Every structure is written in C-alpha cells, then in structure tokens.
Chemist: 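Handing you a structure now.
Chain A is the first sequence line, chain B the second, and so forth, proteins listed ahead of strands; every chain is numbered from 1. Small disclaimer: the values here were computed from a predicted structure and weren't measured.
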There are 2 protein chains.
Amino acid sequence: MGNPSMADVARAAGVSAQTVSRVFRESPNVSPDTRRRVLAAVDELGYRFNNAARTLSSGRSRTIGLVLLQSGGYYSRSAVTAGVEAAAGEAGYAVSIATIAALDTGLMERSLSKLADQGVEGIVIAVPLIFATPRMEDITRDIPTVTLDGSRTAGASVLGIDQREAGRVATQHLLDLGHRQVWHVSGPDEWIEARQRRQGWQDCLTAAGIEPPPPLEGDWSPESGYRQGQIVAMIPDVTAIFAASDEMAFGVVRALRERGRAVPDDVSIVGVDDIALAAYCSPPLTTVRQDFYRFGAAAVGLLLEGAGAADSLVPASLSVRDSTAPPRGH
Amino acid sequence: MGNPSMADVARAAGVSAQTVSRVFRESPNVSPDTRRRVLAAVDELGYRFNNAARTLSSGRSRTIGLVLLQSGGYYSRSAVTAGVEAAAGEAGYAVSIATIAALDTGLMERSLSKLADQGVEGIVIAVPLIFATPRMEDITRDIPTVTLDGSRTAGASVLGIDQREAGRVATQHLLDLGHRQVWHVSGPDEWIEARQRRQGWQDCLTAAGIEPPPPLEGDWSPESGYRQGQIVAMIPDVTAIFAASDEMAFGVVRALRERGRAVPDDVSIVGVDDIALAAYCSPPLTTVRQDFYRFGAAAVGLLLEGAGAADSLVPASLSVRDSTAPPRGH
DNA sequence: GTTATAGATGTCATCGATAACATCTATGCT
DNA sequence: AGCATAGATGTTATCGATGACATCTATAAC
C-alpha cells in the first residue's frame with residue numbers, strides 16, 4: 001500500500017536496500033550498471049525519498065532553521081533571508097522557518113525549541129537578540145547557531161555586519177559636504193543594527209569635534225520617519241539628517257517638505273539600505289548600501305563549515321543621489 | 001551519550017514510553033499526577049522531542065512546504081508569506097521553504113520534489129505556475145496543494161485572489177475622475193496576477209466603450225516602470241495610467257516628471273499594493289490594496305482543513321491619495 | 001600461482017516515537 | 001455481590017534509511 005520504500009526499490013532492481021541507499025548518497029562504490037538499474041526501478045515505482053527516516057537513522061536532518069521577525073517591514077532582513085535560502089539550498093540543505101511575532105524572549109525560546117525539535121543542524125537567528133536566556137543557551141549549546149548581530153549568546157557564532165560603518169559613512173558624507181551638524185533618526189533601540197548605526201554616527205561626529213544632538217527614535221517605518229521629521233522640522237538650523245533606513249528617510253522628507261523645508265536645498269538627508277525605490281522616489285535618495293544577501297549566505301557558510309566565528313565585515317558603499325547637497329551659502 | 005529519548009524519560013518518571021508519548025500528544029487519558037511526573041523528568045533530563053521519529057512512525061510531519069520566488073522584489077508575495085507562516089505556526093505546523101531562482105519548470109519540479117521528500121503534509125505554491133508538468137502533477141497528486149493563482153494543476157486546490165477586481169477598481173476610479181482613456185503598465189506576462197490585473201483594466205475600459213491601448217509590460221521593478229514611463233511620456237494626450245504595482249508606478253512618475261509632465265496635474269497614476277512608502281513618497285500614491293496576509297493564512301486553512309477548493313475572493317479597496325485628479329480643463 | 005587490496009554488494013541491528021492491542025484498576029449500576 | 005465500563009497504563013511491532021560489519025569478486029603485486 002503506502003509509498004514504496006527503499007526495500008521495494010531494492011527488490012525491483014534485484015539488489016539490497018543498502019545498495020539503493022548508496023546510490024542515493026552517491027557513494028563511489030556502486031557499479032554504473034547497478035546504479036542504472038536502481039534508478040530505473042526508482043522511476044518505475046515512483047519512489048520518493050523519506051527524509052524523516054534518514055534523519056532518524058543518521059542523525060542528520062540536512063535542515064537549517066531560520067528565525068525571523070514576522071513583520072516583514074524591515075528591508076535588510078528580507079535580503080538576508082534570500083541569501084540564507086540560496087546558500088542553504090545550494091548545499092543541499094532545507095530551510096525551516098520560525099517567525100516570531102514580536103521581540104519577546106518567550107516567543108524566541110519557543111521558536112528555538114520548535115526548530116530544535118525538528119532536528120535542525122544549524123540555526124540562523126535573523127532577529128535582534130539583545131540578551132539570551134538560559135533556556136536559549138541550553139538549546140544553542142547543542143546546535144551551531146549564528147546570530148546576525150553583535151549580540152552574544154554563549155556558544156553562538158556571531159556574524160556581524162559592522163553597521164557602525166554604515167553610520168560613519170553616511171555621516172562623514174554629510175560633513176564632507178560642509179554641514180556643521182548632523183541629526184539622526186534611528187531605528188528602535190532593541191535592534192542592534194539601530195544601535196550600531198547610531199554609534200557610527202556618534203563616533204563620526206565626535207571625531208570631528210562635534211557634539212551629537214539627541215537622536216530621534218523611529219521604528220523603521222515611513223510613518224515613524226514622518227513623525228520624527230515633523231519634530232526636526234521645528235528645530236531651526238537643521239541642515240543635515242542621517243536616517244537609519246530609506247523608508248524612514250522618505251518619511252522625514254515628506255514631513256520637512258510639508259513644513260516648507262526643501263530637500264536637499266534646505267536639508268540634506270541620507271538613508272540606509274538602498275531599496276529599489278530609493279533611486280526613483282523624489283528626490284532620489286542618497287543612501288548607504290550593504291550586501292545583505294551575501295551576508296545571509298555567509299551565515300550559512302559559517303554554520304555548515306563550522307569555521308570559527310569570523311566576524312565578517314561587509315563593506316558599506318555610499319550611493320550618492322540628489323537628497324544631499326552642501327548647506328546653503330557654502 | 002546522545003540525547004535522552006522518551007524511553008529515558010519514561011524510566012526516570014517510572015512510567016512507560018507510551019505514557020510519555022501520551023503526555024506530549026495531550027491525550028486526555030493521563031492522570032494529572034503522572035503528567036506532572038513526566039514533565040518533571042523531561043525538564044530534569046533536558047529531553048527534546050524528536051520530530052523525525054514522530055514523522056516516521058506516524059506518517060505525519062506537521063510541516064507544510066512553501067514555494068517562493070527567490071527575488072523578493074514582488075511585494076504581495078512577501079505579505080502572503082507572512083500570512084502562511086503565521087497561520088501554519090498557529091496550527092502547530094512548521095514551514096519549510098523552497099525558493100526557486102527563476103520561473104523555470106525544472107526548478108519548480110526540483111523544489112516540489114525536495115518538499116515531498118521532507119514529507120510535507122501540504123504545499124503552498126506562491127509563484128505563478130503557468131502550466132504544470134506531469135512530474136509536478138505526480139507530486140501534487142499525493143500532497144494537498146494550494147496554488148495562489150488562477151492556474152490549474154490537476155488536483156491542486158486553487159485559491160485565487162481575483163486580481164481582475166484590482167484592475168477594474170483602479171481603472172474605474174480614473175474613468176470616474178473624467179479621464180477618457182487609461183494606459184496600463186503591466187507586470188510580466190508569466191505572472192497570473194499581471195494578466196488578471198490587465199484583464200480587469202481591459203474589461204473596465206471595454207465596458208465603458210473605450211478601446212484599450214496596447215499595454216506596456218514591466219517586471220514589477222521601479223526601473224521597469226521608469227523605462228515604460230519614458231515611452232508613455234512621448235505619447236501625447238496620455239492623461240491617466242494604471243500601473244500594476246506601486247514600485248512601477250513610482251518609476252513611471254519619475255519618467256513623466258523628467259519629461260515635464262506633472263503628476264497628477266497632467267497625468268494621473270494609480271498603483272497596486274499600497275506599500276508602506278506609497279503614502280510617503282511624492283506624490284502620495286493612489287493605489288489599490290488587498291489583504292494578502294489574510295490570503296496567505298486562508299491558503300493554509302484550505303490546506304489543513306482539506307475544505308473544497310473555495311476560490312476565495314479578497315476584496316480590493318482603493319486608497320485615494322494625491323497621484324490622481326480630474327484631467328486638465330475638466 | 002598466491003597473496004594483498006580495493007571495489008561491489010549484502011546482513012542485521014538500530015535510530016525514537018507511535019499505532020494497535022492488551023491489561024489492569026476504580027467506579028457505578030442492577 | 002457481580003458485572004459492565006471508562007480511564008489509566010503497559011507491550012510489542014513497526015515506520016524507512018543507515019552505520020557497522022561481513023562477504024565476495026576482480027585485479028595488482030610479488
């Protein structure tokens with residue numbers, strides 16, 4: 001009845017089940033003729049490999065887990081995801097996803113548990129994980145884990161894009177144009193990316209002998225950028241703003257314009273992400289781009305090769321467009 | 001050595017493995033006291049459930065597969081994905097993803113195979129699947145499958161958002177404003193969504209006694225919208241355009257403006273998706289919104305309940321903003 | 001001509017949970 | 001008291017592939 005098993009294939013091909021197994025695992029020690037016969041039988045019976053059985057007997061599931069935040073709003077995460085999937089697929093691994101609805105420790109623990117139950121051989125955590133609970137560490141102790149953050153989980157490799165670099169590059173660009181002060185609309189404080197970008201901005205200003213103004217915190221969304229933009233617009237003398245994401249940047253632009261501040265004539269703005277629309281909205285946005293796709297792929301590489309936790313630094317490149325200019329009268 | 005198994009837990013709790021199993025499956029026939037003892041043992045031993053073993057012995061993997069297109073560019077798909085994940089998670093199902101790099105029959109077959117090997121109990125196909133090959137049908141014959149398309153696979157349920165409605169709503173809005181003709185920048189022809197939206201546009205025009213102009217085909221990206229926009233900008237008398245996605249719409253806007261055509265004063269534009277940026281870019285875009293998240297969730301519901309292939313129609317609502325206006329001198 | 005040796009193949013126990021079936025209490029009812 | 005019945009628990013075989021080990025050729029080396 002049920003689906004044919006290796007034993008059935010073996011019978012049909014006149015060999016042992018073990019040989020069929022060898023054919024599937026591409027063991028070198030199978031004669032071409034036998035292989036052909038086996039494959040023919042597979043085809044004829046419509047045999048389908050049973051991954052659960054392999055996992056059980058071999059202890060290897062050939063699956064990696066990916067922890068995501070449910071709200072898809074945040075751009076770079078989805079690029080990371082694509083990279084993870086691609087790299088995993090290429091290495092013959094399946095990807096099982098666990099999304100968490102919010103940044104909550106309990107939800108995180110549950111997601112990790114679920115993945116562990118599935119026997120994943122590695123976990124990529126693509127949400128900001130500020131602190132790890134003992135239970136999380138219990139799980140990640142047994143499973144190679146990469147967190148795409150600067151955060152530390154005991155035993156978890158950490159692959160960090162140095163987001164400070166992004167903040168530094170953006171801020172320096174504005175300073176180079178002649179601006180004397182740069183304001184910052186940051187991402188939510190729970191996000192390491194947000195904190196790092198803010199740090200980069202701060203460092204850059206400090207290095208230039210400028211006292212950083214208080215940062216304004218958004219939530220990555222255009223709406224939040226708009227709200228913070230309304231505040232900035234009420235402050236005189238603001239000529240340059242670094243927004244931690246393109247979406248927020250456009251929100252800021254809108255708020256400024258509504259208050260009669262032109263971009264880039266009155267105020268220059270730099271974003272981060274280089275989303276597809278950055279070049280096509282108005283004004284085309286100057287923004288910092290980083291290769292998150294490759295980053296995701298790197299995470300998988302780190303996982304599967306078990307290489308040491310090399311904190312890889314993905315370079316940040318600036319796409320200069322029309323949202324930045326020298327300050328008036330410069 | 002290895003991880004503790006149910007047998008180990010059973011020994012520690014002084015019960016049989018079967019009872020431990022019952023505790024996990026929340027069988028009603030376990031005394032509260034026994035349950036407590038078992039859970040205590042689980043905790044003490046750090047026992048972790050082995051999903052592969054369950055799958056093998058019960059034949060149920062509690063996993064569903066999701067087929068995606070690798071390029072994350074297309075908005076509504078990611079919303080669908082979120083819906084699928086959420087609904088599956090709620091029902092206690094894991095989600096395994098298989099991404100395909102391009103719309104290619106071979107890649108599709110391989111992805112389906114991979115999911116089938118994993119023993120998924122259902123498959124959600126979230127890429128346009130124009131035609132099904134015999135091999136695909138072989139696979140989907142045994143596994144409940146929902147395609148989020150109008151496409152037909154023998155035996156696969158089809159959950160269709162009626163995208164024609166989106167096209168109709170957008171076009172009608174423009175006609176209502178007084179425009180005498182509406183041009184269309186469509187998505188790629190391989191995408192059912194693209195074809196349906198185009199159909200809706202066509203139908204609407206025809207119903208109004210207007211002969212539809214030739215549609216211009218984009219690829220959902222802002223770039224493609226820009227290219228097609230450049231062409232439209234060279235045609236005199238164009239006063240209204242319906243773009244099949246918001247990103248393309250903004251590309252069109254840019255091209256028009258560069259050629260001195262103001263939006264909405266000279267040309268009105270409607271998009272589809274209502275992406276977060278739609279309200280914050282310039283001009284705020286009039287667009288058609290559909291609840292793709294719910295759509296994804298519905299797909300999972302259909303899969304798990306095995307209900308008949310109810311072609312559910314998600315209503316399309318129009319968000320009127322500033323990219324549309326009556327034609328000049330109206 | 002023999003002995004090494006690698007290659008091709010087979011046998012059998014095993015991974016861990018579960019389905020199916022068997023027992024063994026309590027409790028209620030006549 | 002005697003029996004039916006539901007609830008709680010234990011036993012055993014089983015899912016399908018694989019690891020470890022055994023066997024059996026050919027060919028190479030001496």
Side-chain angles (χ1 to χ4, degrees), chain A residues 1-39 41-42 45-63 92 94 114 116-121 142, chain B residues 1-39 41-42 45-63 92 94 114 116-121 142:
Chain A
M1 333 197 283
N3 288 339
S5 71
M6 273 198 180
D8 300 321
V9 173
R11 206 167 311 124
V15 297
S16 77
Q18 185 62 220
T19 298
V20 176
S21 172
R22 280 193 265 258
V23 168
F24 273 93
R25 278 174 294 154
E26 308 193 349
S27 154
N29 298 347
V30 178
S31 79
D33 180 58
T34 306
R35 162 167 284 123
R36 216 169 307 124
R37 285 218 316 285
V38 168
L39 292 179
V42 163
L45 296 181
Y47 167 74
R48 194 153 290 297
F49 190 84
N50 185 323
N51 210 24
R54 160 193 281 174
T55 300
L56 181 57
S57 86
S58 72
R60 309 208 43 203
S61 64
R62 304 205 144 267
T63 297
K114 227 168 113 179
D117 289 353
Q118 287 175 62
V120 297
E121 290 179 38
D142 300 333
Chain B
M1 334 195 280
N3 288 340
S5 71
M6 273 198 179
D8 300 320
V9 173
R11 207 168 309 124
V15 297
S16 76
Q18 184 61 218
T19 299
V20 177
S21 173
R22 279 193 266 259
V23 168
F24 273 93
R25 279 175 294 154
E26 309 192 348
S27 153
N29 298 347
V30 178
S31 79
D33 180 58
T34 306
R35 162 168 284 124
R36 216 170 307 124
R37 285 218 317 284
V38 168
L39 291 179
V42 163
L45 297 181
Y47 168 73
R48 193 154 292 296
F49 190 84
N50 184 322
N51 209 24
R54 159 193 281 176
T55 301
L56 181 58
S57 83
S58 73
R60 309 209 44 202
S61 64
R62 305 205 143 266
T63 298
K114 226 168 113 181
D117 289 354
Q118 288 176 62
V120 296
E121 290 180 38
D142 300 333

Chemist: E121(A) and R60(A): salt bridge (charged side-chain N to carboxylate O under 4.0 Å, His left out), yes or no, with the steps?
Modeler: CA-CA 7 Å; E121(A) 290 179 38; R60(A) 309 208 43 203; 2.8 Å; yes

Chemist: How many whole angstroms separate atom CZ of R62(A) from atom P of dT18(D)?
Modeler: 10 Å

Chemist: Got a second to check how far N29(B)'s CG is from T34(B)'s OG1, nearest 0.5 Å?
Modeler: 11.5 Å

Chemist: Tell me: CZ of R54(B) to C1' of dG16(C), nearest whole Å?
Modeler: 12 Å

Chemist: Are a donor atom and an acceptor atom from the side chains of S31(B) and R35(B) found within less than 3.5 Å of each other?
Modeler: no

Chemist: What's the CE-P distance between M6(A) and dG19(D), to the nearest Å?
Modeler: 10 Å

Chemist: Whole angstroms only, please: what is the CG-C1' distance between L56(B) and dA17(C)?
Modeler: 9 Å

Chemist: Fit a plane to each ring of F49(A) and F24(A), take the angle between them on a 0 to 90° scale, and name the class: parallel (under 30°), tilted (30 to 60°) or perpendicular (over 60°).
Modeler: tilted

Chemist: For DNA chain D, which residues in residues 14-25 of chain A have a heavy atom at a distance below 4.0 Å?
Modeler: Q18(A), S21(A), R25(A)

Chemist: Just the table, please: protein N/O against nucleotides 23-28 of chain C N/O, every pair under 3.5 Å.
Modeler:
none

Chemist: Let me know the distance between CG of N51(B) and C1' of dT18(C), rounded to the nearest Å.
Modeler: 13 Å

Chemist: Measure the distance from CG on N3(B) to P on dA17(C) and round it to the nearest whole Å.
Modeler: 10 Å

Chemist: Any ion pair linking D117(B) and K114(B) (charged N to carboxylate O, less than 4.0 Å)?
Modeler: no

Chemist: Can you measure R60(A) atom CZ to dT18(D) atom C1' for me and round it to whole angstrom units?
Modeler: 13 Å

Chemist: For DNA chain C, determine which residues of residues 28-37 of chain A have any heavy atom closer than 4.0 angstrom to one of its atoms, and list them numerically.
Modeler: P28(A), N29(A), V30(A), S31(A), T34(A)

Chemist: Check whether any side-chain N or O of T63(B) sits under 3.5 Å from a backbone N or O of S61(B) as a donor-acceptor pair, and report yes or no.
Modeler: yes

Chemist: For A52(B), is there any backbone N or O sitting under 3.5 Å from a side-chain donor or acceptor partner on T55(A)?
Modeler: no

Chemist: Mind listing the closest non-hydrogen atom pair of V9(A) and V42(A) along with its distance?
Modeler: CG1-CG2, 3.8 Å

Chemist: Has S58(A) got a side-chain atom pairing as donor or acceptor with R54(A)'s backbone, closer than 3.5 angstrom?
Modeler: yes

Chemist: Please report, rounded to the nearest Å, how far the P atom of dT11(C) is from the CZ atom of R11(A).
Modeler: 13 Å

